[in-house]
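Structure, as structure tokens:
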Amino acid sequence: MSRVFNFSAGPAMLPEPVLQQARDEMLDWRGSGMSVMEMSHRGKAFISIAEQAEADLRELLAIPDNYRVLFLQGGASLQFAAIPMNLLRGAKRADYINTGAWSKKAIAQAKQYCDVNVVASTEESGFTCVPDEASLAFDADAAYVHYTPNETIGGVEFPYIPDTGDIPLVADMSSTILSRPLDVSRFGLIYAGAQKNIGPAGLTIVIVRDDLIGETLPGTPGVMDYKAQADAGSMLNTPPTYSWYLAGLVFQWLKHLGGLASMAEINRRKAEKLYAAIDATDFYSSPVEKSCRSWMNVPFTLADSELDKAFLEGAEAAGLATLKGHRSVGGMRASIYNAMPEEGVDALIAYMQEFEKKHG
Ligand SMILES: *Cc1c(COP(=O)(O)O)cnc(C)c1O
């Protein structure tokens, strides 16, 4: 067996101990005589797996008691619609901050349900920064303010949490959740598709303040009704049981590592050394302003894009996979989520330096 360092933006690497445990428990989960995949979601065994996962997530993020945690399907993209359906609560308008490709998708979807007020956009800069905190002015009648703390494609991350006063703040944390400690109480709702930093695809986590749920737009499907899902323990219908189980193993792995403060230290180190390597030479460059560079997704370009193909082929041969940048940005993108070991980043930096020696 030989595993590579996989820099995919998502689905992305999972911690190796998690995959090993899943392998060991594949055929017989702890004496139950069955795989987790084969269990009734209403049976005692799976209920214990589900409850443990939620308890561990609550502990990791210190989620206050007045927040409900939902384990849903449909990806972050379904939440683009579920959020207005649940959070408009009679209002007609919502504020959105536009910092990149995922913000734009959230905005386009929300426009089906309400008037979207784009309070700030960094599109003119080519999505290489975030708006100045002092420039943000929110509509007092907005039902909520939506933003994308980490833009997975542009590699742009907010260094601050917008202060929206009494207006609930909604955050698409698909590519940054669990990368560091977080003050959940600053948010009305946090959501994340699992396949970047939580577990396998198929699971979407929603963390929502309980006073915001219970009033949906007419026509909202039952499975998209947060209150109905919360009351049913996310089991209004069959949940993504195996992804839920694996997410639970990832939460355990994070706890054994020392929790999110420890994870944050490692992530900071990984990101800092990779950006330092990019900045150390004109051979490579980062398109993102220094103040808002993502810890998780690191796009970079070669001064001579004619060398892109050779760079990627050599990387592949060196066991560094999926470094091709998103088509809208070009160049390379190294996604270095929690499960990317520090040795993977070290190996990438060594390869970059060697490649420059050969071609620079
Ligand atoms: C990947 C991603 C999405 C889309 O997630 P799906 O689960 O494919 O719907 C949305 N927002 C952000 C920030 C992402 O990184």
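- The pair Arg293-Glu289 does not meet the salt-bridge criterion, since no charged nitrogen lies less than 4.0 angstrom from a carboxylate oxygen.
- The cluster map of Ile, Leu, Val, Met, Phe, Trp and Tyr, joined by side-chain heavy atoms under 4.5 Å apart, puts Ile207 and Phe251 in the same cluster.
- Remark: the Thr204 side chain and the Gln73 side chain contain no N/O donor-acceptor pair separated by less than 3.5 Å.
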Leu274 vs Ile336, side chain to side chain contact (heavy atoms under 4.5 Å, CB included): CA-CA, chis, key distance, verdict: CA-CA 10 Å; Leu274 183 50; Ile336 51 173; 4.3 Å; yes
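- Minimum heavy-atom separation, Ser174 to Ala76: OG-CB, 3.4 Å.
- Counting heavy atoms of neighbouring residues, nucleotides and ligands inside a 6.0 Å radius, atom CZ of Arg327 does not exceed 12 of them.
- Open room surrounds CG on Asp282; 12 or fewer heavy atoms of other groups in view lie less than 6.0 Å from it.
- In terms of hydrophobic clustering, with Ile, Leu, Val, Met, Phe, Trp and Tyr side chains grouped at heavy-atom distances under 4.5 Å, Ile167 and Ile213 are assigned to different clusters.
- In His359, the NE2 atom is crowded: over 12 heavy atoms of neighbouring residues, nucleotides or ligands sit closer than 6.0 Å.
- Arg89 contributes a side-chain N or O that, together with a main-chain N or O of Leu87, makes up a donor-acceptor pair within less than 3.5 Å.
- Side-chain polar atoms of Ser8 and Thr322 form no donor-acceptor pair below 3.5 angstrom.
- Between the side chains of Asp211 and Asn66, no donor N or O sits under 3.5 Å from an acceptor N or O.
- Looking only at side-chain heavy atoms (C-beta outward), Cys114 and Lys92 stay at 4.5 Å or farther from each other.
- For the residue pair Thr99 and Thr148, no side-chain donor N or O sits within less than 3.5 Å of a side-chain acceptor on the partner.
- Annotation: side chain of Met263 is not in contact with side chain of Arg180 (no heavy-atom distance under 4.5 Å).
- Annotation: side chain of Leu61 is in contact with side chain of Leu57 (closest heavy-atom distance under 4.5 Å).
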Chi angles and distances behind the side chain to side chain contact (heavy atoms under 4.5 Å, CB included) call for Ile278, Met332: CA-CA 12 Å; Ile278 292 166; Met332 317 299 155; over 6 Å; no
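- For the atom pair OG (Ser335) and CE (Met13), the distance works out to 12.0 Å, reported to the nearest 0.5 Å.
- Formation of a donor-acceptor pair under 3.5 Å by the Glu265 side chain with backbone atoms of Ser262 is not found in this model.
- Between Tyr147 and Phe187, the ring-plane angle classifies as parallel under the 30° and 60° cut-offs.
- Under the 4.5 Å side-chain heavy-atom criterion for Ile, Leu, Val, Met, Phe, Trp and Tyr, Leu169 and Tyr226 are members of distinct hydrophobic clusters.
- Taking all atoms of both residues into account, the shortest heavy-atom contact from Val118 to Ser121 is CG1-CB, 4.2 Å.
- Lys255 NZ: more than 12 foreign heavy atoms inside a 6.0 Å radius.
- Of all heavy-atom pairs spanning Leu70 and Ser234, the tightest one is CA-OG, 3.3 Å.
- Looking only at distances, a side-chain donor or acceptor of Lys270 sits under 3.5 Å from a matching main-chain atom of Met340.
- When only modelled atom types and interatomic distance are considered, Ser179 and Thr176 share a side-chain donor-acceptor pair under 3.5 Å.
- Lys273 has a carboxylate O that lies under 4.0 Å from a charged side-chain N of Glu342, or vice versa, which qualifies the two as a salt bridge.
- A donor-acceptor pair is defined here as one N or O able to donate and one able to accept, closer than 3.5 Å; no such pair exists between the side chain of Gln79 and the backbone of Tyr191.
- The two atoms that bring Leu260 and Pro181 nearest to each other are O-CD, 3.5 Å, heavy atoms only.
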Derivation of the salt bridge (Lys or Arg N to Asp or Glu O under 4.0 Å) call for Asp141 and Arg93: CA-CA 7 Å; Asp141 293 328; Arg93 298 208 294 269; 3.6 Å; yes
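- A 6.0 Å sphere centred on CG of Asp65 holds no more than 12 heavy atoms belonging to other residues, nucleotides or ligands.
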Ile107 vs Lys111, side chain to side chain contact (heavy atoms under 4.5 Å, CB included): CA-CA, chis, key distance, verdict: CA-CA 6 Å; Ile107 289 166; Lys111 280 183 176 167; 3.9 Å; yes
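- Between Phe80 and Tyr96, the gap from one ring centroid to the other reaches at least 6.0 Å.
- Note on Glu215 versus Lys227: no salt bridge recorded, every NZ/NE/NH1/NH2 to OD/OE distance being 4.0 Å or above.
- A distance-only check finds a donor-acceptor pair linking the side chain of Glu151 to the backbone of Gly100 [under 3.5 Å].
- When side chains are defined from C-beta on, Tyr67 does not count as touching Asp210, because their heavy atoms never get closer than 4.5 Å.
- The closest side-chain heavy-atom distance from Gln21 to Glu25 is below 4.5 Å.
- A cation-pi arrangement is not found for Lys44 relative to Trp29, the charged atom failing to lie both closer than 6.0 Å to the ring centre and inside a 45° cone about the ring normal.
- For the atom pair NZ of Lys196 and OH of Tyr337, the computed distance is 5.5 Å after rounding to the nearest 0.5 Å.
- In this structure, a donor-acceptor pair under 3.5 Å is absent between the side chains of Asp225 and Thr220.
- Under the 4.5 Å side-chain heavy-atom criterion for grouping Ile, Leu, Val, Met, Phe, Trp and Tyr, Leu203 is connected to Val250 within one hydrophobic cluster.
- Using a distance-only test at 3.5 Å, with no hydrogens or angles considered, a donor-acceptor pair links the side chain of Tyr351 to the main chain of Phe311.
- Listed for the Ser294 side chain is a donor-acceptor partner under 3.5 Å among the backbone atoms of Met296.
- A 4.5 Å side-chain heavy-atom check between Leu189 and Pro168 finds every atom pair outside the cut-off.
- Of all heavy-atom pairs between Ala334 and Phe300, the closest is CB-CE2, 4.4 Å.
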CA sep, side-chain torsions, deciding dist, call: Asn117, Phe138, side chain to side chain contact (heavy atoms under 4.5 Å, CB included): CA-CA 9 Å; Asn117 175 31; Phe138 302 106; over 6 Å; no
Side chain to side chain donor-acceptor pair (under 3.5 Å) evaluation trace for Asn297 with Thr152: CA-CA 6 Å; Asn297 310 97; Thr152 320; 4.5 Å; no
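- With no hydrogens or angles considered, no side-chain donor-acceptor pair links Tyr245 and Gln52 at under 3.5 Å.
- Once rounded to the nearest 0.5 Å, the distance linking CG of Asn150 with SG of Cys292 reads 10.5 Å.
- Both Phe71 and Trp253 belong to a single network of hydrophobic side chains, linked directly or stepwise wherever heavy atoms of I, L, V, M, F, W or Y lie under 4.5 Å apart.
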Salt bridge (Lys or Arg N to Asp or Glu O under 4.0 Å) between Asp346 and Arg269, worked out: CA-CA 11 Å; Asp346 291 339; Arg269 237 182 9 245; over 6 Å; no
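- Side-chain atoms of Asn197 come within 3.5 Å of backbone N or O of Ile177 as a donor-acceptor pair.
- Heavy atoms only, all atoms of each residue included: Ala143 and Ala91 are closest at CB-CB, 3.7 Å.
- Ser305 has its side chain within reach of Asp308: a pair of non-hydrogen atoms, C-beta onward, lies under 4.5 Å apart.
- Put simply, the side chain of Leu88 reaches to within 4.5 Å of the side chain of Tyr144, judged on heavy atoms.
- Listed for the Asp95 side chain is a donor-acceptor partner under 3.5 Å among the backbone atoms of Asp139.
- When atom types are taken as modelled, the side chain of Arg333 and the backbone of Ala9 share no donor-acceptor pair closer than 3.5 angstrom.
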